Visitor: 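Just passing along the structure, written as structure tokens.
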Amino acid sequence: MVHQRKVALAGSAHIELVSGVVQLRPEDAMFDAMLRGWRAQQKSRGLKDDTIDPRERLIRRFLEFANEYPWQWAPAHLDEWSASLTSERHLAPSTIRSYQGTVRLFTELLIDARYGWGPACEEAFGTYPVAICHEWNTLPHLQDYEGNPEARPLTREELQRFFDYADDQVVRAVKSKRKGALAAYRDATLFKVIYGWGLRRTETSKLDVVDFGRNPQARQFGRYGTLNVRYSKAKKGQPPRRRNVLSVMDWAVEAVADYVENVRPRFGFPDHPALWITEREGRLQPGSINDRFEAYRDALKLPKDLTPHSIRHSYVTHLTEDGVDRRFIQQQVGHECDSSLAIYTHVSDDFMNISLHKALAPAFAGA
């Protein structure tokens with residue numbers, strides 16, 4: 001006789017569990033149903049598969065570590081797991097906190113009466129899920145930056161050496177009449193654009209020529225007065241954000257204008273939208289930016305902890321050192337904006353114009 005459930009299940013437990021079906025491995029079936037229910041809940045919040053999938057894999061790893069099912073988990077399991085992440089895997093505190101947060105999200109779903117997993121587990125196994133994450137066994141977020149302390153911006157001297165070396169590669173390629181001169185020129189300009197507009201690596205890779213525009217407050221820059229960054233870092237589960245970055249460094253504008261007008265056409269693909277194109281009519285990818293940066297960095301014997309992101313950090317640091325308002329800089333690099341017009345959302349036009357005029361001071365002419 002097929003066993004019938006005696007409890008009316010709520011929420012995703014009712015949806016994911018098939019009443020009246022005998023499972024050969026009921027524990028595994030229950031766990032898989034929990035994951036399906038959690039996925040559905042996250043999908044309803046607009047989260048994407050590339051956010052949900054890593055979370056699910058982490059929960060499966062936690063299950064394997066605990067060697068128990070979720071309705072048997074206890075705070076001690078999280079304690080032991082967290083200790084292993086620290087002492088055995090030597091993960092950064094921010095990573096451990098992220099892992100703990102994922103476990104917390106999953107277990108909070110299981111103990112929420114609206115989803116019905118507690119009654120389902122109690123009927124099937126005589127026990128139910130409990131909260132295993134609390135303030136005593138999870139890492140608090142005590143400071144804004146928890147990255148590698150060796151990571152830092154390039155100094156002005158290091159940055160100048162880097163730019164000079166990149167320019168030298170163009171000269172050498174032209175003199176030797178070897179293949180790669182166009183790519184070397186492209187990459188030399190690309191690094192100047194990362195610094196000149198404070199960009200991330202992926203943001204830079206996805207730029208199109210049409211992303212540059214005019215700024216009536218800086219007419220001297222012509223069609224390169226602003227940069228519409230369409231692929232800013234997204235919040236989890238959300239599409240990429242946009243932001244407008246105002247041009248502040250005349251020499252960087254001159255570099256990108258020369259590239260767009262005199263060098264990029266020589267690649268021979270006038271209809272390609274990408275700002276940075278390859279000799280095979282592709283868009284330059286972030287990995288290629290990394291490779292070129294590391295080659296130049298190592299040739300100059302600069303610290304290996306420096307990355308393309310260090311150039312972006314240099315933009316923030318150097319503008320701050322030169323007295324540009326911090327709020328203006330935060331808007332520029334996208335720490336506070338959520339759309340293409342958000343640069344003006346929290347800051348008045350007068351404030352932006354005053355800050356822009358400061359940013360255009362002669363001090364930047366030779367930066």
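As the structure is a prediction and not an experimental result, all values here were calculated from the model.
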Visitor: Report, as yes or no, whether the 6.0 Å neighbourhood of atom OH on Y231 holds more than 12 heavy atoms from other residues, nucleotides or ligands.
Guide: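 Counting neighbours around OH of Y231, 12 or fewer heavy atoms of other residues, nucleotides or ligands fall under 6.0 Å, so no.
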Visitor: To the nearest 0.5 angstrom, please state how far the CD atom of E27 sits from the SG atom of C121.
Guide: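 Result: 10.5 Å between the selected atoms.
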Visitor: Side chains of R161 and Y165: any donor to acceptor distance under 3.5 Å?
Guide: no
Visitor: Kindly determine whether D53 and R39 satisfy salt bridge (charged side-chain N to carboxylate O under 4.0 Å, His left out), including the steps that lead there.
Guide: CA-CA 9 Å; D53 292 345; R39 175 175 288 271; 2.5 Å; yes
Visitor: Within the 4.5 Å heavy-atom criterion, are T138 and L78 side-chain neighbours or not?
Guide: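 Contact flag for T138/L78 side chains = yes.
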Visitor: Does the separation of the ring centres of Y195 and H318 fall below 6.0 angstrom?
Guide: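 Ring-ring flag for Y195/H318: true, centres closer than 6.0 Å.
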Visitor: Do you know the tightest heavy-atom contact between F328 and L246?
Guide: CE1-CD1, 4.0 Å
Visitor: Per the side chain to side chain contact (heavy atoms under 4.5 Å, CB included) rule, which among P303, S314, S310 passes with E158?
Guide: P303
Visitor: Do H309 and R200 have side-chain heavy atoms sitting under 4.5 Å apart?
Guide: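 Sidechains of R200 and H309: in contact.
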Visitor: If you count every heavy atom of other residues, nucleotides or ligands that lies below 6.0 Å from E261 atom CD, does the total exceed 12?
Guide: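 Atom CD in E261 is packed in, count exceeds 12.
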Visitor: Do Q169 and Y296 have side-chain N/O donor and acceptor atoms under 3.5 Å apart?
Guide: no
Visitor: Assess whether salt bridge (charged side-chain N to carboxylate O under 4.0 Å, His left out) is satisfied between K48 and D50, documenting all intermediate values.
Guide: CA-CA 5 Å; K48 306 295 184 182; D50 56 3; over 6 Å; no
Visitor: Can you tell me how far CG of L284 sits from CZ of R292, rounded to the nearest 0.5 angstrom?
Guide: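 Spacing of CZ (R292) from CG (L284) equals 9.0 Å.
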Visitor: What's the separation between atom CD in E157 and atom OG1 in T155, rounded to the nearest 0.5 Å?
Guide: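 If we round to the nearest 0.5 Å, E157:CD and T155:OG1 are 5.0 Å apart.
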Visitor: Does L105 reach the side chain of W38, with side-chain heavy atoms less than 4.5 Å apart?
Guide: yes
Visitor: Do you know the tightest heavy-atom contact between V130 and W73?
Guide: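 That would be CG2-O, 3.5 Å.
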Visitor: Given K192 and I311, is the side chain to side chain contact (heavy atoms under 4.5 Å, CB included) satisfied, shown in steps?
Guide: CA-CA 9 Å; K192 294 169 187 173; I311 303 179; over 6 Å; no
Visitor: Ion pair present between D325 and R327, side-chain N to carboxylate O less than 4.0 angstrom?
Guide: no
Visitor: Which heavy atom in L207 sits nearest to a heavy atom in N228, and how many Å separate them?
Guide: CD2-O, 4.4 Å
Visitor: Check F191, Y185, Y259 against W276 for a ring pair (Phe, Tyr, Trp, His ring centres under 6.0 Å) and give me the one that passes.
Guide: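 Only one option passes, and that is Y259.
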Visitor: Would you call R243-E203 a salt bridge at under 4.0 Å N-O?
Guide: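 A salt bridge links R243 with E203.
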Visitor: Taking atom CZ as the centre, does F267 end up with more than 12 heavy-atom neighbours from other residues, nucleotides or ligands that are less than 6.0 angstrom away?
Guide: yes
Visitor: Please report the C-alpha distance between F293 and L306 in whole Å, then the side-chain angles of each, then the deciding distance to 0.1 Å, and finally whether the side chain to side chain contact (heavy atoms under 4.5 Å, CB included) criterion is met.
Guide: CA-CA 9 Å; F293 178 88; L306 297 176; 4.2 Å; yes
Visitor: Looking only at atom types and distance, does a side-chain atom of R186 sit under 3.5 Å from a main-chain N or O of I277, one as donor and one as acceptor?
Guide: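 Judged by distance alone, yes, a pair lies under 3.5 Å.
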Visitor: Got a second to check how far L91's CG is from S84's OG, nearest 0.5 Å?
Guide: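 Atom-to-atom, L91:CG and S84:OG are 8.5 Å apart.
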Visitor: From L85 CG over to E80 CD, what is the distance, rounded to the nearest 0.5 angstrom?
Guide: 12.0 Å
Visitor: Which heavy-atom pair separates P308 from N290 by the least distance, and what is that distance?
Guide: CG-OD1, 3.2 Å
Visitor: With heavy-atom distances below 4.5 Å as the criterion, would you say the side chains of I194 and Y315 are in contact?
Guide: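 No, side chains not in contact.
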Visitor: Between L35 and F106, is any pair of side-chain heavy atoms under 4.5 Å apart?
Guide: yes
Visitor: Going by atom types only, do S82 and Q100 share a side-chain donor-acceptor pair under 3.5 Å?
Guide: yes
Visitor: Evaluate the criterion salt bridge (charged side-chain N to carboxylate O under 4.0 Å, His left out) for residue pair R60 and E56; output intermediate values, then yes/no.
Guide: CA-CA 6 Å; R60 290 187 182 278; E56 182 175 318; 3.6 Å; yes
Visitor: Could you walk me through whether R242 and D211 pass the salt bridge (charged side-chain N to carboxylate O under 4.0 Å, His left out) test, one step at a time?
Guide: CA-CA 11 Å; R242 293 190 176 203; D211 290 335; over 6 Å; no
Visitor: After noting the C-alpha distance and the side-chain angles of D49 and K43, does the key distance pass the side chain to side chain contact (heavy atoms under 4.5 Å, CB included) rule?
Guide: CA-CA 8 Å; D49 287 338; K43 286 282 190 180; 2.6 Å; yes
Visitor: State, yes or no, whether a side-chain contact exists between Q332 and V248 at a heavy-atom distance under 4.5 Å.
Guide: yes
Visitor: Is there side-chain contact between N137 and H134, with heavy atoms separated by less than 4.5 Å?
Guide: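 Touching, per the 4.5 Å side-chain cut-off.
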Visitor: Which heavy atom of A74 sits nearest a heavy atom of I132, and at what distance?
Guide: C-CG2, 3.5 Å
Visitor: Within the 4.5 Å heavy-atom criterion, are V260 and R223 side-chain neighbours or not?
Guide: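 Yes, side chains in contact.
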Visitor: Donor-acceptor pair, R55 side chain versus T102 backbone, under 3.5 Å?
Guide: no
Visitor: Could you label the plane-to-plane angle of the W81 and Y99 rings as parallel, tilted or perpendicular, counting under 30° as parallel and over 60° as perpendicular?
Guide: parallel
Visitor: Quick one: does any side-chain atom of D258 pair with a main-chain N or O of A255 as donor and acceptor, under 3.5 Å?
Guide: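 It does not hold such a pair.
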Visitor: Quick one: pull up CZ in R152 and CG in L154 and give me the separation to the nearest 0.5 Å.
Guide: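 Those atoms lie 6.5 Å apart.
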Visitor: Consider only side-chain heavy atoms of I, L, V, M, F, W and Y, link residues closer than 4.5 Å, and tell whether I111 and W71 are in one cluster.
Guide: no
Visitor: Could you go through the side-chain hydrogen bond (donor to acceptor under 3.5 Å, both in side chains) check for S205 and R283 one step at a time?
Guide: CA-CA 7 Å; S205 171; R283 181 184 295 271; 5.9 Å; no
Visitor: Check this for me, if you would: do R25 and D32 make a salt bridge, where the nitrogen-to-carboxylate-oxygen distance has to be below 4.0 angstrom?
Guide: no
Visitor: Restricting to non-hydrogen atoms, name the atom on I59 and the atom on V103 that form the minimum distance, rounded to 0.1 Å.
Guide: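 Scanning both residues, the minimum pair turns out to be CD1-CA, 3.9 Å.
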Visitor: Can a donor-acceptor pair be found, under 3.5 Å and without considering hydrogens, that links the side chain of R297 to the backbone of K304?
Guide: yes
Visitor: Classify the ring geometry between F65 and F62 as parallel (under 30°), tilted (30 to 60°) or perpendicular (over 60°).
Guide: parallel
Visitor: Check the hydrophobic clustering (I, L, V, M, F, W, Y; side-chain heavy atoms under 4.5 Å; chains of links allowed) and say if L182 and V171 are grouped together.
Guide: no
Visitor: Pair W117, Y115 - check ring pair (Phe, Tyr, Trp, His ring centres under 6.0 Å), show working.
Guide: CA-CA 6 Å; W117 293 109; Y115 289 95; 8.4 Å; no
Visitor: Check whether V263 and L275 end up in the same hydrophobic cluster, where Ile, Leu, Val, Met, Phe, Trp and Tyr are linked by side-chain heavy atoms less than 4.5 Å apart.
Guide: yes
